[in-house]
Asks: 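Quick one: the structure is below, and I'll ask about it shortly.
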Amino acid sequence: MVERKGEGIESIYLWSTSRSLSTSLLYSFAQRDDMEVLDEPLYPNFLRVTGIERPYREELLSKMESDGNKVVKEIIFGPGQKKYRFCKNMASQWTLDLTDELMKKGKHCILIRNPLDVFPSFDEVSPPSFMELGYASLVSIYSELCEQGKSPPIIDGALLHEDPEGTLRGLCEDLGIPFQAAMLKWEAGPKPFDGIWAPYWYKTTHKSTGFKSPRKYPLPFPPTLYNLLEQCLPFYNMLRSHVKRSGVISLQPNLPVPANEKLLVWVGDEIVPRESAKVSVLDSVVQGGDAVWEGLRVYNGKIFKLEEHLDRLFDSAKALAFSNVPTREQVKDAIFKTLIRNGMFNDSHIRLTLTRGKKVTSGMSPEFNLYGCTLIVLAEWKRPIYENEKGITLVTATTRRNSPNNLDSKIHHNNLLNNILAKIEGNNANADDALMLDKDGYVSETNATNIFLVKKGCVATPHADYCLPGITRATVMGLVIKEGLVLRERRISLSEFHTADEVWTVGTIGELSPVIKIDGRTVGDGGVGPVTRRLQSAFKKLVAESGVPIPTYQQS
């Protein structure tokens, strides 16, 4: 066979964590008729540089080249006899003494596996260490390749078990090489290209003839490795977020506002990226929806009605007997810092949540809450969610609004299933929202907003007995009076809304939204009424003139 020079061989470099099916993938590529393979040629250099002891250390160092740069130049970049060369590497073997030429040439791919599966397997041969497992090194390699504009495909070992053909086809497509069905099977037993370490590490792989299905239930995880798991898991999760399934990035739906993909969120006492913004499974909001919340809006560098929202937040927390509550200034600082970090000074909405906090064990009792409250500040780029120029439609839900006998709506709590059930009815009817009645059949509010009507020039809104006494509701009531209109707060039947001249809803999330149809009945003439437009204009003027300024950044 004619020898090909190194430059004429198309090289593929696999970078992997240990015990991640990398040997199986090596065997898979070795089945191709156009491929030659190398099994961890940088391993001797790794042992020499790190001084790690292995039973085969002396034999390996005596029989294989241990100068990593020589290995790169003479073996990895050396001549060959086939079109492609597949080089399997452990990420931990990329040591600081090596030339960066290897990263600049050829095509690279990354193989990962969940540490929960890797650690017990590694531990059967040798106690695992953070350095040798290589998760951090793999992230470093991935970042370096991305900086060079060579973003490598990443596959998860679990997918090789679940869908070997689809995963291999996707990998081959990403690498720009044709898939060969021969990659799915190989003969059992040792291979001539196996490394000297194979008898210690490849026993299971030598029994295999392909990517077999994983066991249904995993092995117990050794508690002694728990701390190591905590160290490695963030690196694995970061890489896993870029894993592809058959060439398509999974679990990445389009966002309503693409700019919100790169959010920074306050959780507890720190600001973290969106995908890292999580609370404990032992947090009270997870255990029982035990939390209170507020929605705030940012206009022109100011937070509208901030003090009023904080009043309600702390009143709700007190009503629910929260303890170890952060101070008002601490909450304000968290809000300001989150907005400033995100550069959000306009067209933004804040979802402010205060949970009773993390529990020492799962259960209902607040006696288990010994860590203090959890504060969450989620700020997003979000304009009003309703069509406030043309108007929205409502449908009456069969789900009734909570009675104060059951759960007082004056507590702005996170138990929103009552509202969500109504919203489902609205969605099923293709309406923008759902109108909710109280236990006696009178209108209370919608699933998300308070509601007003106009009849013969008089403005009316339901009592705040079953509905939330909203801050935007109180603001609009004040504007109604300021505009010289007659305002009545009373019980209002559904038929009165059906026959009203004008109807609108109010809330932080939607501002003042005209309603043009309720239960199929056109409100007024089907357009935005004059009183509605008058109050929309007054509301817009108010938010432009008021609000708590966000502190500007000043360099010390």
Side-chain angles (χ1 to χ4, degrees), residues 293-295 297 312 349 351 382 384-404 407-455 459-477 480 489-524 528-529 532 535-536 539:
W293 69 281
E294 291 294 321
R297 188 165 285 286
R312 188 170 65 185
H349 178 269
R351 176 81 173 207
K382 184 179 290 187
I385 64 172
Y386 301 120
E387 178 50 76
N388 290 347
E389 292 299 318
K390 297 180 180 179
I392 63 173
T393 63
L394 302 178
V395 64
T396 303
T398 59
T399 302
R400 297 298 176 99
R401 195 68 181 92
N402 288 325
S403 164
L407 188 59
D408 193 348
S409 294
K410 292 178 179 63
I411 303 173
H412 204 201
H413 53 77
N414 279 58
N415 273 277
L416 299 177
L417 285 179
N418 177 251
N419 306 67
I420 292 170
L421 288 170
K423 180 62 176 175
I424 291 171
E425 293 187 62
N427 289 347
N428 290 339
N430 293 318
D432 293 294
D433 264 333
L435 199 59
M436 299 184 73
L437 311 180
D438 65 22
K439 68 179 182 64
D440 295 321
Y442 291 97
V443 173
S444 177
E445 61 179 349
T446 78
N447 58 273
T449 54
N450 296 124
I451 193 164
F452 290 74
L453 66 74
V454 178
K455 186 70 174 180
V459 179
T461 191
H463 287 296
D465 293 331
Y466 292 81
C467 73
L468 175 76
I471 290 168
T472 308
R473 173 182 180 269
T475 301
V476 171
M477 290 173 74
V480 169
E489 189 178 7
R490 61 180 178 83
R491 300 180 98 182
I492 307 175
S493 65
L494 181 58
S495 63
E496 291 183 85
F497 274 94
H498 287 160
T499 58
D501 298 328
E502 298 179 46
V503 177
W504 68 80
T505 65
V506 297
T508 302
I509 194 70
E511 298 180 339
L512 202 153
S513 307
V515 177
I516 58 173
K517 188 172 288 187
I518 301 175
D519 297 328
R521 298 166 174 83
T522 299
V523 176
V528 182
T532 306
L535 290 169
Q536 281 181 324
F539 184 82

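FYI, the numbering just counts along the sequence from 1. In what follows, every heavy atom counts, from backbone to side chain, and hydrogens, waters and symmetry copies are set aside. This is a predicted model, so every value here is computed, not measured.
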Asks: Which pair of heavy atoms, one from Pro462 and one from Glu489, lies closest together, and at what distance?
Replies: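 Between these two residues, the closest heavy atoms are O-CG, 3.9 Å.
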
Asks: What are the two closest non-hydrogen atoms of Ser513 and Tyr386, and how far apart are they?
Replies: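 Answer, listing the atom of Ser513 first, then Tyr386: OG-CD1, 3.3 Å.
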
Asks: Would you say the side chain of Val506 lies within less than 4.5 Å of the side chain of Phe539, judging by non-hydrogen atoms?
Replies: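 Sidechains of Val506 and Phe539: no contact.
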
Asks: For Ala464, is there any backbone N or O sitting under 3.5 Å from a side-chain donor or acceptor partner on Lys410?
Replies: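 Such a contact is found between Lys410 side chain and Ala464 backbone.
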
Asks: My understanding is that only one of Thr399, Asn447, Asp433 makes a side chain to side chain donor-acceptor pair (under 3.5 Å) with Lys423; could you say which?
Replies: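 That would be Asp433; it is the only one of Thr399, Asn447, Asp433 passing the side chain to side chain donor-acceptor pair (under 3.5 Å) with Lys423.
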
Asks: How many angstroms lie between CG in Leu535 and CE in Met477, if you round to the nearest 0.5 Å?
Replies: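 If we round to the nearest 0.5 Å, Leu535:CG and Met477:CE are 12.5 Å apart.
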
Asks: Does any N or O in the side chain of Glu502 come within less than 3.5 Å of the main-chain N or O of Thr532, such that one atom is a donor and the other an acceptor?
Replies: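 Answer holds: yes.
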
Asks: A side-chain contact here means heavy atoms from C-beta on lying under 4.5 Å apart; do Thr499 and Lys455 qualify?
Replies: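 SC-SC contact between Thr499 and Lys455 confirmed.
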
Asks: Compare all side-chain heavy atoms of Tyr466 with those of Pro404 and state whether any distance is below 4.5 angstrom.
Replies: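 Counting from C-beta outward, Tyr466 and Pro404 do come under 4.5 Å.
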
Asks: Quick one, Glu511 with Arg297, criterion side chain to side chain contact (heavy atoms under 4.5 Å, CB included). Give me CA distance, side-chain angles, the key distance, then yes/no.
Replies: CA-CA 9 Å; Glu511 298 180 339; Arg297 188 165 285 286; 3.9 Å; yes

Asks: Quick one: pull up NE2 in His498 and CG in Leu453 and give me the separation to the nearest 0.5 Å.
Replies: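 Between His498 NE2 and Leu453 CG, I get 11.5 Å after rounding to 0.5 Å.
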
Asks: Measuring from atom NE2 of His412 to atom CD of Glu294, what distance do you get when rounded to the nearest 0.5 angstrom?
Replies: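 Output value for this atom pair is 5.5 Å.
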
Asks: Given side chains that start at C-beta, do those of Gln536 and Val528 come closer than 4.5 Å, heavy atoms only?
Replies: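 The answer is yes, as the side chains (C-beta and beyond) meet within the 4.5 Å cut-off.
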
Asks: Do Val395 and Glu425 come close enough that some side-chain heavy atom pair is under 4.5 Å?
Replies: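 Val395 vs Glu425: side chains apart.
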
Asks: Would a 4.5 Å heavy-atom cut-off, applied to side chains only, mark Lys390 and Ile516 as touching?
Replies: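 Of all side-chain heavy-atom pairs linking Ile516 with Lys390, none is under 4.5 Å.
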
Asks: Give the minimum heavy-atom separation between Ala397 and Ala422, together with the two atoms involved.
Replies: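 Here Ala397 and Ala422 meet closest at CB-CB, 3.9 Å.
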
Asks: Working to the nearest 0.5 angstrom, can you tell me the gap between Leu407 CG and Asn402 CG?
Replies: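 CG of Asn402 is found 5.0 Å from CG of Leu407.
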
Asks: Does Ile451 offer a backbone N or O that forms a donor-acceptor pair with the side chain of Thr461 under 3.5 Å?
Replies: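 Looks like yes, one N/O pair under 3.5 Å.
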
Asks: Given Glu496 and Val443, is the side chain to side chain contact (heavy atoms under 4.5 Å, CB included) satisfied, shown in steps?
Replies: CA-CA 9 Å; Glu496 291 183 85; Val443 173; over 6 Å; no

Asks: Please assess Leu437 against Thr396 for the test side chain to side chain contact (heavy atoms under 4.5 Å, CB included), listing each intermediate value before the final yes or no.
Replies: CA-CA 8 Å; Leu437 311 180; Thr396 303; 4.0 Å; yes

Asks: Got a second to check how far Ser409's OG is from Asp438's CG, nearest 0.5 Å?
Replies: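 So the OG of Ser409 and the CG of Asp438 are separated by 10.5 Å.
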
Asks: Is the side chain of Asp519 donor-acceptor paired with the backbone N or O of Arg521 at a distance under 3.5 Å, no angle test?
Replies: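 Flag not set: sc Asp519 to bb Arg521 has no pair under 3.5 Å.
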
Asks: Trp293 side chain to His413 main-chain N or O, any donor-acceptor pair under 3.5 Å?
Replies: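 Yes; judged by distance alone, with no hydrogens or angles, the pair exists.
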
Asks: Between Leu468 and Arg473, is any pair of side-chain heavy atoms under 4.5 Å apart?
Replies: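 No, too far: nothing below the 4.5 Å cut-off.
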
Asks: Please give me the minimum heavy-atom distance between Thr472 and Thr508, naming the atom from each residue.
Replies: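 Smallest interatomic distance, heavy atoms only, reads OG1-N, 3.4 Å.
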
Asks: Check His349 against Gly295 and note the closest heavy-atom contact, atom names and distance.
Replies: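 Heavy-atom minimum between the residues: NE2-CA, 3.9 Å.
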
Asks: Taking the side chain from Asp432 and the backbone from Thr393, do they hold a donor-acceptor pair closer than 3.5 Å?
Replies: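 Looks like yes, one N/O pair under 3.5 Å.
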
Asks: Say you draw a straight line from CZ of Phe452 to CG of Leu512; how long is it, rounded to the nearest 0.5 Å?
Replies: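 So the CZ of Phe452 and the CG of Leu512 are separated by 8.0 Å.
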
Asks: Can you list the steps and then say if Leu435 with Ile518 is a side chain to side chain contact (heavy atoms under 4.5 Å, CB included)?
Replies: CA-CA 8 Å; Leu435 199 59; Ile518 301 175; 4.2 Å; yes

